[in-house]
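This report concerns only the one structure given below.
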Amino acid sequence: MDRFNSKDDLLNSRLNHTFYQRDALTIAPEILGKTLVRAWPDGTRICLPISEVEVYLGTHDRACNASKGKTERNQIMFANGGVIYMYLVYGMHWMFNIVTGTVDQPEALLIRGIGNIYGPGRVTRHLQLDKHFYGEDLATSEMIWLEEAPPVKRYSTGPRVGINYAGEPWVSMPWRYKI
DNA sequence: TTGAAGATGATT
DNA sequence: ATCATCTTCAAG
């Protein structure tokens, strides 16, 4: 029973650290279709499949927020996988990222779509996610986690959105995964 | 202390 | 094509 993290997981199959602490490019196609669960204290829940993600891969990836080294804002990306990295863009949109890999391997998956809600800013607004979720652990949290689901058979890949400033080859890497 | 840029979304 | 809106970080 040591693969379970809490009593929640006796009924459901919450993904644990072993899922997250791998290479982001390996996880990306696997995480599509997995059930994202957002729970509130009053019992309200939103359960939707992850439908679109983007990979941000380490300090050499010029589009990655960790490309210029560790800062106060991005430091959680350098932690072990399974925690949440939240940050604000354009002064108004919160981005929901899942940190992957192991310590000092700053990778993350940007959640761009859940169900038929597409757009990273729309996702966080719908799920009511903001800076308070910075560092939240998906393996143990009572507010948000992922559950196992059948693998997605068909998905498409393409270049990431909004990173033209990163230049080649990063603008062209097909690191956007969509059902 | 300041300012420029930004993993966006809604509207024109 | 433009604007709304503000944090972060590096430069001065």
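Labels below follow one simple rule: chain letters A, B, ... track the order of the sequence lines, proteins then strands, and each chain is numbered from 1.
The aromatic ring of A:Y90 does not sit over the base of C:dA4, since the test of centres under 5.5 Å and planes under 30° is not met.
Taking the centre and axis of the six-membered ring of A:Y56, the NZ or CZ atom of A:R160 falls inside the cone set by 45° and 6.0 Å.
Whole-Å rounding puts the A:N97 CG to B:dT8 P distance at 11 Å. For the pair A:I163 CD1 and B:dA5 P, the interatomic distance rounds to 18 Å; values are reported in whole Å. Rounded to whole angstrom, the span from the CD atom of A:E52 across to the C1' atom of B:dT8 amounts to 13 Å. Atom OH in A:Y85 sits roughly 11 Å away from atom C1' in C:dT7 (whole-Å rounding). The distance between atom CE of A:M95 and atom P of C:dT8, rounded to the nearest whole Å, is 14 Å. Residue A:Q75 contributes atom CD, which lies 12 Å from atom P of C:dT8 at whole-angstrom precision. Following rounding to the nearest Å, A:N65 (CG) and C:dA10 (P) show an atom-to-atom distance of 12 Å. One interatomic measurement links the two molecules: OH of A:Y134 to P of C:dT7, which rounds to 16 Å at whole-angstrom precision.
Side chain of A:R73, nearest nucleotide from C:dT5, C:dC9, B:dT8: C:dC9. The side chain of A:H93 sits closest to B:dT8 out of C:dA4, B:dA10, B:dT8. Among the nucleotides B:dT8, B:dG9, C:dC9, the one closest to the side chain of A:R122 is B:dG9.
Listed pair A:Y165 / B:dA7 meets the phosphate criterion, a side-chain N or O lying under 4.0 Å from OP1 or OP2. Note on A:R112: a side-chain N or O is less than 4.0 Å away from OP1 or OP2 of B:dT8.
Contact annotation for A:R62: no contact, since no heavy-atom pair falls under 4.0 Å across all strands. Residue A:L110 is classed as a base contact, given a heavy-atom separation below 4.0 Å to a base. Using a 4.0 Å heavy-atom cutoff across all strands shown, A:R160 reaches no nucleic acid atom at all.
Residues A:W175 and A:D61 form a side-chain contact, since some pair of their non-hydrogen atoms from C-beta on lies under 4.5 Å apart.
Between the side chains of A:Y20 and A:N80, no donor N or O sits under 3.5 Å from an acceptor N or O.
Salt bridge absent: A:R14 and A:E148 never bring a charged side-chain N and a carboxylate O closer than 4.0 Å.
In the hydrophobic clustering of this structure, A:V161 does not group with A:I50; members are Ile, Leu, Val, Met, Phe, Trp, Tyr whose side-chain heavy atoms approach within less than 4.5 Å, directly or through other members.
With both pairing distances under 3.5 Å, C:dT5 is matched to nothing as a Watson-Crick or G-U wobble pair.
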